[in-house]
Amino acid sequence: QAAIGGHPLARYNLGANEKNNGKMDRAVKHWIIAATLGCDDSIDALKVCFRAGIGNKDDFAATLRAHQAAVEATKSPQREAAEEARKE
C-alpha cells in the first residue's frame, strides 16, 4: 500500500524482496521507481546491478538524473537549517 502511494523506502523494500525471490528484472524496476523518488539506497542497489551487467547505461544515467532532480526538489533553507541543527 505504501509503495503504491509513492513511499520510496517501501518501493526499495519491494525491490529487495523481488531480488531475494530471484526476480532481478522486477527488483530493478522497483529500484528505478524508488530512485526517481529520491531514495539513495535504491541508487546504491542499482549501481551494484549495473556493475554486474544488469540493466543498461542509458537507463542508469536517466535514473541518476531523475534522482538528482528529486533530491534538489526537496531542498529548502528550512530543511538545511534543520539538518545543521540535528548535526550539532
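One is the number of the first residue; the rest follow in order along the sequence. Just so you know, these numbers come straight off a predicted model, no measurement behind them.
- For the residue pair Asn17 and Asn20, no side-chain donor N or O sits within less than 3.5 Å of a side-chain acceptor on the partner.
- For residues 31-49, the pairs satisfying side-chain hydrogen bond (donor to acceptor under 3.5 Å, both in side chains) are Asp40-His67, with sequence neighbours left out.
- When the side chains of ILVMFWY residues are joined at heavy-atom separations under 4.5 Å, either directly or via intervening members, Ile33 and Ile43 end up in two distinct hydrophobic clusters.
- Residues Asp58 and Asn56 approach most closely at N-OD1, 3.1 Å, considering heavy atoms.
- In this structure, Asn21 contributes its side chain and Lys23 its backbone to no donor-acceptor pair below 3.5 Å.
- At least one side-chain heavy atom of Glu18 sits under 4.5 Å from a side-chain heavy atom of His30.
- Tyr12 and Leu14 fall into different hydrophobic clusters, defined by Ile, Leu, Val, Met, Phe, Trp and Tyr side-chain heavy atoms under 4.5 Å apart, directly or through other members.
- When the side chain to side chain donor-acceptor pair (under 3.5 Å) test is applied to Arg86, the partners found at least two apart in sequence or on another chain are Glu83.
- By the rule that hydrophobic residues join a cluster once side-chain heavy atoms approach within less than 4.5 Å of another member, Leu46 and Leu9 end up as members of one cluster.
- Hydrophobic cluster membership is shared by Leu64 and Ile54, with clusters built from Ile, Leu, Val, Met, Phe, Trp and Tyr side chains linked at under 4.5 angstrom.
- Among all heavy-atom pairs drawn from Pro8 and Cys39, the shortest one is CB-CB, 3.8 Å.
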